[in-house]
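Written below as structure tokens is the structure these notes are about.
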Amino acid sequence: MKKIQMVDLHGQYLKIKEEVDAAIAGVLESCAFINGPEVKEFQKELETYLGVKHVIPCANGTDALQIAMMALDFQPGDEVITADFTYAATAEVIGLLKLKPVLVDVYKDNFSINPRAVEAAITERTKAIVPVHLFGQCVDMEQILDIAQRHNLAVIEDTAQAIGSEFTFSDGTVKKAGTMGTIGTTSFFPSKNLGAYGDGGAIYTNDDDLAKKLRMVANHGQSVQYYHDEIGVNSRLDSMQAAILRIKLRHLNEYAKARQHVATYYDNIFSQYSSLVVPDVANYSTHVYHQYTLQILACDRNELRKHLADKGIPAMIYYPLPLHTQKAYLDPRYKDGDFPITEELCRTVLSLPIHTEMEEEQMEYIVNSVLEFVQPKVLS
Ligand SMILES: *Cc1c(COP(=O)(O)O)cnc(C)c1O
């Protein structure tokens, strides 16, 4: 059996090696390393795939969030609401721009931000909501958009883990993650569902003026070369990464299917065990399974992780700490018990290997290894 990894980038590369190698060679030949034609082509292809008017490529997913907040002209002290259960990048850029991160709890069954908690956290200084489509499925965007509209707030969707995931509104309209709010952001970090072979990111919007502003902020605040209208940043996707992403974008739907196949296999077995909670998929969203995350009840999550490691199976804890207990984000407003669901999830979650190259034999071995631990052996 092939060695089990959280993500098998090499196995995936081998299947598209010829195309990728040729694309990289093409960029080398052209020497158009920055803002070359590959970047423009990738932008257009991603716009078509997502069904969004504007894609602005940038250097990584964290920059994408920062550029979004800069383009919306938020001022120091303005409040931005996001989930306590997420990757720190979201809160980081809020802090960097001297805005105030306001954290709220999530749903236990699908890990996504709780709209009722969002609404309860709104004050006169609130400027935006940042829903994070965690692990690969959309948050309840219909409710988030309704709240945002009633309170006149911007919505910045962090889709770093959910590119390609689709949300169905109650009137039947279907939209892709990142194309529903004011701005969407994503990351092309190698292990993300659409991963480059280095860093990359993108920002999406349907608003023409905002798109202009986002491009300007990402390019040193220039509207015209050497005319700087405001202070911006330098954040670019390079041509080599764009060329690779163009190839991988053509495979993205098939990659999602491969991940869903693994999740279904896990679900079918694990859902029969009361000590394991399988990830819920809300009826309003598809799930592209950036992660497959179990909640481990009635047995020690860390012991299970060790048991799996002893059997050569990696498993990760996304995330071990609620944001409000991270040293960098400590805030006297928050205390233990304020976010009971997030606090519980941080103690119980365990993400199993899920990727596009998984083999049946590996899946079977992982499932059996989990069950060995979960089902106490009967002593004879
Ligand atoms: C990966 C990730 C980011 C940051 O992306 P980078 O490209 O690594 O900067 C932001 N938000 C979430 C939810 C992520 O998973």
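Whatever order the structure lists them in is the order used to number ligands and atoms, beginning at 1. All values below were derived from every heavy atom in this structure, side-chain atoms included, with hydrogens, water molecules and symmetry-related copies excluded.
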Counting both backbone and side chain atoms, is some N or O of G61 under 3.5 Å from an N or O of ligand 1?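 Among all N and O atoms of G61, at least one is under 3.5 Å from an N or O of ligand 1.
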
Is the shortest N/O to N/O distance between T90 and ligand 1 below 3.5 Å?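 No, no N or O pair falls under 3.5 Å.
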
Quick check on contacts: which atoms of ligand 1 are under 4.0 angstrom from a heavy atom of [X]?
X    : value
N60  : 7 (O), 9 (O)
A89  : 10 (C)
V132 : 13 (C)

Starting from atom 2 (C) of ligand 1, what is the nearest protein heavy atom, named by residue and atom, and what distance separates them?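 Closest protein heavy atom to atom 2 (C) of ligand 1: K192 NZ, 2.5 Å.
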
Specify the protein heavy atom at minimum distance from atom 11 (N) of ligand 1: its residue, its atom name, and the distance to 0.1 Å.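 I find the closest protein heavy atom is D158 OD2, 2.7 Å.
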
Is the Lys NZ or Arg CZ of K176 less than 6.0 Å from the centre of F167's six-membered ring, within 45° of the axis?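 K176 over F167 ring: no.
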
Verify whether the ring centers belonging to F42 and F188 lie closer than 6.0 Å.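 Yes, the ring centres sit under 6.0 Å apart.
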
Taking the ring centre of each residue, are Y289 and F135 less than 6.0 Å apart?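 Between Y289 and F135, the centre distance exceeds or equals 6.0 Å.
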
Test ring-ring contact (aromatic ring centres under 6.0 Å, His included) applied to Y334 and F339, step by step: CA-CA 9 Å; Y334 302 132; F339 307 94; 5.3 Å; yes

If the test is side chain to side chain contact (heavy atoms under 4.5 Å, CB included), which one of D84, V349, T342, L134 qualifies with Y319?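 The option that passes is L134.
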
Closest by any non-hydrogen atom to atom 8 (O) of ligand 1: pick that one out of C58, S187, A160.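 Heavy atom nearest to atom 8 (O) of ligand 1 belongs to S187.
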
Test of understanding: given a 4.0 Å heavy-atom threshold, classify the contact between T62 and ligand 1 as side chain, backbone, both, or neither.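 Within the 4.0 Å criterion, T62 contacts ligand 1 through backbone and side-chain atoms alike.
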
Could you check whether atom CD of E254 has more than 12 heavy atoms from other residues, nucleotides or ligands sitting under 6.0 Å from it?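 Correct, the count exceeds 12.
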
Qualifying residue for salt bridge (Lys or Arg N to Asp or Glu O under 4.0 Å) with E79, from K127, K100, R333: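 Going through the options one by one, the only one that passes is K100.
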
